Amino acid sequence: MTLRMLFDEIRANVQKISGELGYPAVTFDLSEASKPEFGDISCNIGFLLSKHLKKRPSDISESIAKKYQECKKELVSEVRVHPSGYLNFVANYHVLIRNIMHLSAEKNYGQIDLGKNSRVVVEHTSVNPNKALHIGHVRNIIIGDTVARILHKACYDVKVLNYVDDSGLQVADIIVGFRFGGFSIEPPQGQKFDHYCGDVVYVSVTERYDKEPSLAEKRVLVLKELEEGRSDIAKLGDQITKRVLEEQLKTCWRLGASYDCLNFESQIVRSGLWKTVFEKMKSMGIIYLEEGGKNSGCWVIRSETEAEEDKVLVRSNGIATYIAKDIPYASWKLGILEDPFYYKKYATQKNNQTLWETTLDNTGTRHDFTGNMVITVIDSRQSRLQKIITKIISDFKSASKSYVHLGYESVTLSHDTAKTLNLDTGGKSVQMSGRKGIYVNADYVLDILGVKTYEEAKKRNPELGEEQLVRIAEQVAVGALRYTMIRQDLDKMITFDMTESLSLEGDTGPYIQYAYARAVRILEKSGQEPRLDAASFDLLATAYEKELAKTIGKFDIQVEDSAKNLSPKIIARYCYDLAVSFNSFYEHIKVLAAESADTTNARLCLVWSFKETLEKALCLLGIDAPDRM
RNA sequence: GGGCCUGUAGCUCAGCAUGGAUAGAGUGCUGGACUUCUAAUCCAGUGGUCAAGGGAUCGAAGCCCUUCGGGCCCGCCA
């Protein structure tokens with residue numbers, strides 16, 4: 001039994017009793033007690049019925065409690081009524097702890113079958129392949145990757161896509177730099193190619209457009225050739241973007257993200273999907289050819305309200321706009337169109353997962369990367385455009401298909417961090433901009449964090465070898481970064497501050513990882529395997545032990561909650577709660593020096609169960625659990 | 001002008017979907033705990049008119065309305 005079964009039992013019994021007492025059916029709430037003296041689970045049914053019955057809440061709770069004593073109550077040891085009116089339940093810890101210990105020992109503990117193996121497509125990352133990833137992109141990657149992991153745990157068949165806009169203006173800019181701006185294709189010694197393209201070429205070229213109109217003219221030319229393909233410039237573009245992409249993916253993998261397929265925009269453009277979608281929209285009458293007004297000659301989608309402007313999909317010169325390019329891709333993701341693509345292997349990732357890429361060349365193999373539900377992770381500045389796409393898609397789809405824009409607020413740079421980039425923001429935080437060079441690269445942050453975590457690890461573990469220290473440092477650095485990107489709500493802005501991000505204490509990834517390492521050490525030093533079947537869990541009698549066991553028992557509830565709400569922070573908070581419970585236990589309860597061998601064994605089982613559960617929960621966050629740190 | 005998000009302790013944030021018990025963490029500050037399973041830890045103290053006002057309710061941080069502050073979006077750019 002996990003906590004969930006305790007909830008279920010109470011719910012069923014209260015419902016039954018309430019019916020037997022002739023009370024009207026109400027949807028009452030069961031929640032975890034907010035304080036220890038209120039027991040484990042609280043029920044608000046007294047308040048809800050008090051209106052109907054014109055009785056005091058506590059009297060109603062009292063009558064239910066009285067009857068509850070009589071019915072079979074396997075998982076509840078005590079029913080109490082609080083003067084406030086709450087009906088409180090104390091769990092039967094004898095049964096509760098034993099069951100939690102056994103269930104948490106199972107390999108798939110925490111798994112919950114919400115998805116019934118139905119296909120969900122998650123698209124994230126999707127960074128223009130002309131620059132290195134900065135911390136704003138990191139938030140996207142971590143949200144997408146974490147949501148994908150959580151949905152997988154909730155038994156969805158998850159496919160992860162990364163859309164590569166290799167034929168857009170941003171790529172054209174760096175090609176202009178290489179072809180006409182005098183930039184060497186090779187970066188200076190020691191610089192990663194993506195950093196070179198973004199930090200040097202892209203920033204300089206866009207700056208020069210103002211002063212050099214000839215360069216700006218080349219931009220249009222390059223863009224056109226990129227879209228058409230085949231020319232020398234298009235080949236150069238292909239070569240450059242592939243190289244940048246390769247470097248970007250190294251950073252993504254370093255962060256622990258992985259993908260199933262890379263979708264190239266150039267191929268979507270060349271596949272002819274747009275034409276099909278365009279005809280479909282025309283025949284369905286959801287777009288209109290304007291014959292007058294400011295959008296004369298354009299195909300537009302009309303806004304639903306007066307205040308909003310119509311949106312142009314096809315310009316009067318016949319070329320589709322940016323948003324129009326997204327519609328065939330969105331339709332493809334939902335499997336609305338016939339798949340024009342073949343797939344070839346791009347790489348094998350760290351976790352042994354194959355990464356495929358789209359190709360129009362029929363030497364590739366066929367695969368299905370589409371789904372009935374599609375989640376697109378893009379920051380909320382794109383909300384308006386995403387809303388239009390959602391609307392169009394909903395006109396296309398059959399009822400069982402859905403397109404979800406998972407939005408999040410952007411990452412800005414703190415005043416102090418902006419200052420290190422020679423920007424005076426007058427005390428305010430500032431929006432990042434790749435074009436203006438206002439950003440902090442992800443690799444840079446990881447490197448700085450890595451130096452700090454390395455020093456800490458070395459200080460604490462002087463006997464460890466270099467290789468092991470470096471590995472721990474990297475795990476902790478990634479854990480720290482991933483956790484800060486996921487711990488708060490998606491619709492809250494993150495103000496990134498370099499100094500603050502180096503803090504590794506309190507509500508942070510390393511705090512949680514540290515609790516794990518402590519648990520591992522206890523198990524190591526005990527010199528014995530915890531014997532689950534021989535354990536007498538009644539020996540786990542202190543509040544610290546009960547609290548820890550109870551927290552372990554909540555895993556599946558948290559997975560369900562976060563999967564249903566697409567809310568990764570729920571798992572982040574759960575990991576933190578687990579670590580807090582454990583650290584408190586650790587400080588107050590001796591495991592190895594317990595009163596008896598039986599107590600030691602029971603506590604070892606608890607520690608082991610904690611370790612296993614935390615490892616699984618951290619895995620959902622893509623955070624490694626180090627044995628030492 | 002229209003749309004989306006946001007406002008809770010000095011700072012960073014939980015809690016709001018589904019109203020109910022004395023509003024919680026971290027950080028900061030003050031003090032305490034390492035001959036002990038690793039102090040990236042723990043314990044105690046400090047700190048709040050839940051932006052403001054109104055409404056419905058027995059009951060509001062939460063629901064409804066108004067106002068104010070902050071961020072973002074509104075191109076035949078991507």
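Scope of the values below: all heavy atoms of this structure, side chains included, with no hydrogens, waters or symmetry mates. Note on naming: letters A, B, ... go to the chains in the order of the sequence lines (proteins, then strands), and numbering restarts at 1 for each one. All figures in this text were calculated on a predicted structure; none of them were measured in a lab.
- Contacts of A:Glu37 with the nucleic acid, taken as non-hydrogen atoms under 4.0 Å apart, include base atoms.
- Contact annotation for A:Asn317: no contact, since no heavy-atom pair falls under 4.0 Å across all strands.
- Residue contacts for A:Ala519: at a heavy-atom cut-off of 4.0 Å it reaches no nucleic acid atom on any strand shown.
- Atom P of B:A39 sits at a distance of 38 Å from the matching atom of B:U49, rounded to the whole Å.
- Listed nucleotides B:A78, B:U38, B:U41 differ in distance to A:Arg521; the shortest reach to its side chain belongs to B:U38.
- The side chain of A:Lys525 places an N or O atom within less than 4.0 Å of a non-bridging phosphate oxygen (OP1 or OP2) of B:U38.
- In this structure, A:Thr417 contributes its side chain and A:Met498 its backbone to a donor-acceptor pair below 3.5 Å.
- A:Leu385 comes within 4.0 angstrom of a nucleotide base, judged by non-hydrogen atoms across all strands.
- When heavy atoms are screened at a 4.0 angstrom cut-off, A:Phe38 is found touching base atoms of the nucleic acid.
- Judged by a 6.0 Å distance limit and a 45° cone about the ring axis, A:Lys325 is not positioned over the six-membered ring of A:Tyr329.
- Within the 3.5 Å criterion, the main-chain N or O of A:Pro626 finds no donor-acceptor partner in the side chain of A:Asp624.
- In this structure, CD in A:Gln15 is found 12.5 Å from CD1 in A:Ile10, a value given to the nearest 0.5 Å.
- As rounded to the nearest Å, B:U8 and B:G70 have C1' atoms that lie 15 Å from one another.
- B:G7 is paired with B:C68 under the Watson-Crick or G-U wobble criterion, all donor-acceptor distances under 3.5 Å.
- Side-chain to base pairing of A:Ser410 with B:C72: no donor and acceptor N or O lie closer than 3.5 Å to each other.
- Base engagement by A:Ser296 is indicated by at least one non-hydrogen atom pair under 4.0 Å involving a base atom.
- Atoms CG (A:Asn295) and P (B:C77) sit 11 Å apart, rounded to a whole Å.
- A salt bridge between A:Arg628 and A:Glu463 is present, with a side-chain N of the basic residue lying under 4.0 Å from a carboxylate O of the acidic one.
- If you look at A:Phe47 and A:Tyr86, their ring centroids are closer than 6.0 Å.
- Residue A:Leu504 is in base contact, counting any heavy-atom pair closer than 4.0 Å across all strands shown.
- Contacts of A:Lys590 with the nucleic acid, taken as non-hydrogen atoms under 4.0 Å apart, include base atoms.
- In this structure, CG of A:Asp577 is placed 12 Å from C1' of B:G26, rounded to the nearest angstrom.
- A:Asn162 places a side-chain N or O within 3.5 Å of a backbone atom of A:Ser126 that can act as its donor or acceptor partner.
- For the pair A:Phe47 and B:G59, the ring geometry does not qualify as stacking, because the centroid separation below 5.5 Å and plane angle under 30° are not jointly satisfied.
- Taking the P atoms as reference points, B:C50 lies 12 Å from B:A60, given to the whole Å.
- Among the heavy atoms of the strands, none lies under 4.0 Å from A:Lys452.
- In terms of polar N and O atoms assigned as donor or acceptor, the side chain of A:Thr321 never comes within less than 3.5 Å of the base of B:A78 in a complementary pairing.
- Listed candidates were B:U41, B:C43, B:C5. Nearest to the side chain of A:Glu505 is B:U41.
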Give me, pair by pair, the N or O atoms of the protein and of nucleotides 10-16 of chain B that are less than 3.5 Å apart, along with how far apart they are.
from  : atom 1 : to       : atom 2 : distance (Å)
B:C13 : OP1    : A:Gln488 : NE2    : 2.9
B:C13 : OP1    : A:Met493 : O      : 3.4
B:A14 : OP1    : A:Asp489 : N      : 2.8
B:A14 : OP2    : A:Lys492 : NZ     : 2.4
B:A14 : O2'    : A:Arg573 : NE     : 3.2
B:G15 : OP1    : A:Lys569 : NZ     : 3.2

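- A:Val314 comes within 4.0 angstrom of nothing in the nucleic acid, heavy atoms only.
- Summary of the strand contacts: A:Asp165 and A:Leu48 both lie near RNA chain B, and taking for each the nucleotide with the nearest heavy atom, the more 5' one is attributed to A:Leu48.
- The C1' atoms of B:G47 and B:U12 are separated by 15 Å, rounded to the nearest whole Å.
- B:C64 sits 12 Å from B:U57 when the C1' atoms are compared, rounded to a whole Å.
- Taking atom C1' on both nucleotides, B:G19 is separated from B:A61 by 10 Å, rounded to a whole Å.
- Look at A:Ser584 and you'll find a side-chain N or O under 4.0 angstrom from OP1 or OP2 of B:C43.
- Distance CZ (A:Phe582) to C1' (B:C37): 8 Å, rounded to an integer number of Å.
- In this structure, the nucleotide among B:G71, B:C76, B:U6 sitting nearest to the side chain of A:Ser316 is B:C76.
- Closest to the A:Ile522 side chain, of the nucleotides B:G71, B:U41, B:C37, is B:C37.
- Residue contacts for A:Tyr86: at a heavy-atom cut-off of 4.0 Å it reaches a base atom on one of the strands shown.
- Taking the side chain of A:Gln431 as heavy atoms from C-beta on, and the options B:G71, B:U27, B:C76, the nearest nucleotide is B:G71.
- Between A:Phe585 atom CZ and B:C43 atom P there is a gap of 14 Å when expressed in whole angstrom units.
- Among the atoms of the strands shown, none is found under 4.0 Å from any heavy atom of A:Ser526.
- Between A:Lys54 and B:C58, a side-chain N or O to OP1/OP2 separation shorter than 4.0 Å is absent.
- Residue A:Ile388 is out of contact with every strand shown, counting any heavy-atom pair closer than 4.0 Å.
- Listed for the A:Tyr574 side chain is a donor-acceptor partner under 3.5 Å among the backbone atoms of A:Thr551.
- Checked by distance alone, A:Asn88 brings a side-chain donor or acceptor within 3.5 Å of a matching partner on the base of B:A21.
- Comparing the C1' positions of B:C5 and B:A56 gives an interatomic distance of 27 Å, to the nearest angstrom.
- Residue order along RNA chain B, read from the 5' end via each residue's closest nucleotide, puts A:Glu456 first among A:Glu456 and A:Lys325.
- Spacing between B:C34 and B:G71 at atom P, rounded to whole Å, works out to 49 Å.
- Aromatic pair A:Tyr511/A:Tyr576: centroids less than 6.0 angstrom apart.
- Partner assigned to B:U41 is B:A33, using Watson-Crick or G-U wobble distances below 3.5 angstrom.
- Under 4.0 Å is where a charged nitrogen must lie from a carboxylate oxygen, and between A:Glu560 and A:Lys564 at least one such pair does.
- When all heavy atoms are compared, the tightest approach of A:Leu614 to A:Cys575 is CD1-O, 4.1 Å.
- A tilted orientation is assigned to the rings of A:Phe582 and A:Tyr586, their planes being inclined by 30° to 60°.
- When Watson-Crick and G-U wobble pairs are counted only if both distances are under 3.5 Å, B:A25 pairs with B:U12.
- Residue A:Lys51 places no side-chain N or O under 4.0 Å from the OP1 or OP2 atom of B:G59.
- Under the Watson-Crick or G-U wobble criterion, with both distances below 3.5 Å, B:G1 is paired with B:C74.
- Which of B:C76, B:C74, B:U18 sits closest to the side chain of A:Arg384 comes down to B:C74.
- For the OP1/OP2 pair of B:A21 and a distance below 4.0 Å, the side-chain nitrogens and oxygens of A:Arg80 include no atom meeting the criterion.
- Within the 4.0 angstrom heavy-atom criterion, no nucleotide atom of any strand lies near A:Asn44.
- The side chain of A:Asn583 lies closest to B:C42, out of B:C76, B:A21, B:C42.
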